[in-house]
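Working notes, beginning with the structure itself.
Every heavy atom of this structure was used, including side-chain atoms; hydrogens, water molecules and symmetry mates were not.
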Amino acid sequence: LPDAIRAPDGLGDLVASLGGNDGGWDEVLREVNRWFDRSVAAMRQPSQADRRKALDVLAEALRRETGGVAADDRAVKEREAARANRRDSGRAAGTLIVSVLLPAMLQCQRAEDRATQRSRNLHVAFALAAYQCAHGRYPAALDDVSPKYLKTLPKDLYNGQPLRYFPTIDGYRLYSVGENGEDDGGAWLSDRPPADDPRIRIPLPDLEP
């Protein structure tokens with residue numbers, strides 16, 4: 001396991017009980033690959049909402065398979081029984097390894113979604129800047145920049161709807177509803193109260209994360 005990920009207490013003993021090449025390690029790899037394949041299928045869902053739902057289902061399935069207890073507790077309970085049956089030990093060890101790695105995989109997917117949405121926002125912001133240079137003002141509606149300044153307007157990753165756009169006297173607010181799926185008025189983590197709407201504001205605020 002990577003140094004940054006702490007192995008559950010007892011997992012080392014569980015792995016040690018596998019011994020030689022009698023099928024136990026094959027079961028570890030089969031079990032890890034089984035969960036990996038399910039994770040890949042979940043993260044290949046076409047929309048963020050579908051991916052999130054599939055990953056929630058996957059996390060719940062893993063929780064049920066580990067008995068709904070912490071990985072270290074599971075390892076301790078499985079240790080003695082595993083020594084008697086190395087094939088079962090391999091499956092148990094594989095499941096525990098996945099239970100350690102899956103939260104990190106979920107965080108990676110969430111980070112990718114945030115980065116993708118902010119990239120979409122930037123594409124629209126460049127189109128808005130081009131429109132402003134040509135007309136001396138920002139458009140009244142987002143559709144006005146397409147297709148001349150941006151061939152296709154990207155959708156909000158989190159709900160599949162158009163991005164929120166509100167022109168102001170000297171600029172605009174452009175934002176996504178964010179991971180919670182709720183319109184928080186373009187509030188971001190640095191605002192008070194904080195929210196999760198990936199946004200662009202023109203003029204730029206004094207502080208932007």
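Annotation: the span from Asn180 atom CG to Asp197 atom CG amounts to 6.5 Å, rounded to 0.5 Å. Separating the CG atom in Asp156 from the CZ atom in Arg164 is a distance of 6.5 Å, to the nearest 0.5 Å.
Using a cutoff of 4.0 Å between basic side-chain nitrogens and carboxylate oxygens, Asp113 and Arg52 are not scored as salt-bridged. Looking at Arg199 and Asp191, a side-chain N of the basic residue comes within less than 4.0 Å of a carboxylate O on the acidic one, giving a salt bridge.
Connection of Val57 to Met43 is not established within any shared hydrophobic cluster, with ILVMFWY side chains joined at heavy-atom distances below 4.5 Å, either directly or through further cluster members. Taking hydrophobic clusters as Ile, Leu, Val, Met, Phe, Trp and Tyr residues chained together by side-chain heavy-atom distances below 4.5 Å, Leu55 does not share a cluster with Tyr158.
By the 4.5 Å heavy-atom criterion applied to side chains, Trp188 and Pro194 are not counted as neighbours. In this structure, Asp170 and Pro203 have side chains that are in contact, with non-hydrogen atoms separated by less than 4.5 Å. The closest side-chain heavy-atom distance from Glu179 to Arg114 is below 4.5 Å. At a threshold of 4.5 Å between non-hydrogen side-chain atoms, the residues Tyr131 and Phe126 do not count as touching. Counting only heavy atoms from C-beta outward, the side chains of Lys155 and Pro162 approach each other to under 4.5 Å. Residues Pro154 and Leu150 form a side-chain contact, since some pair of their non-hydrogen atoms from C-beta on lies under 4.5 Å apart. At least one side-chain heavy atom of Arg120 sits less than 4.5 Å from a side-chain heavy atom of Leu157. Here the side chains of Val145 and Leu153 are in contact, with some heavy-atom distance below 4.5 Å.
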**OP:** Apply side-chain hydrogen bond (donor to acceptor under 3.5 Å, both in side chains) to the pair Tyr175 and Asp183, showing each step before the final yes or no.
**Re:** CA-CA 9 Å; Tyr175 62 93; Asp183 186 342; 2.8 Å; yes
Original post:
What do the steps show when you test Leu128 against Tyr165 for side-chain contact (heavy atoms from CB on, under 4.5 Å), and what is the final call?
Top reply: CA-CA 11 Å; Leu128 289 168; Tyr165 171 73; 3.9 Å; yes
**OP:** Check the pair Phe166 / Tyr172 against ring pair (Phe, Tyr, Trp, His ring centres under 6.0 Å), numbers first and verdict last.
**Re:** CA-CA 5 Å; Phe166 298 95; Tyr172 64 84; over 10 Å; no
**OP:** Please step through side-chain contact (heavy atoms from CB on, under 4.5 Å) for the pair Ser176 and Leu163, ending with a clear verdict.
**Re:** CA-CA 6 Å; Ser176 155; Leu163 292 170; 4.1 Å; yes
**OP:** Please test Arg51 against Gln109 for side-chain contact (heavy atoms from CB on, under 4.5 Å), starting from the C-alpha separation and ending with a verdict.
**Re:** CA-CA 9 Å; Arg51 286 194 297 276; Gln109 182 62 59; 3.4 Å; yes
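Considering all non-hydrogen atoms of both residues, Ala42 and Ala54 come closest at CB-CB, 3.6 Å. Shown here for Ala187 and Pro193, the closest heavy-atom pair between the two residues is CB-O, 4.3 Å. Taking each heavy atom of Ser146 and Lys151 in turn, the nearest pair found is OG-O, 3.1 Å. Between Leu174 and Ala125, the shortest heavy-atom distance links the atoms CD2-N, 4.4 Å. Of all heavy-atom pairs spanning Asp144 and Pro139, the tightest one is CB-CB, 3.7 Å.
Side-chain atoms of Thr116 come within 3.5 Å of backbone atoms of Glu112 as a donor-acceptor pair (strictly under, hydrogens ignored). Using a distance-only test at 3.5 Å, with no hydrogens or angles considered, a donor-acceptor pair links the side chain of Asn159 to the main chain of Gln161.
With a 6.0 Å radius and a threshold of 12 heavy atoms from other residues, nucleotides or ligands, Tyr149 has its OH atom above the threshold.
Paired with Asn121 under the rule side chain to side chain donor-acceptor pair (under 3.5 Å), one option of His123, Arg118, Gln117 passes, and it is Gln117.
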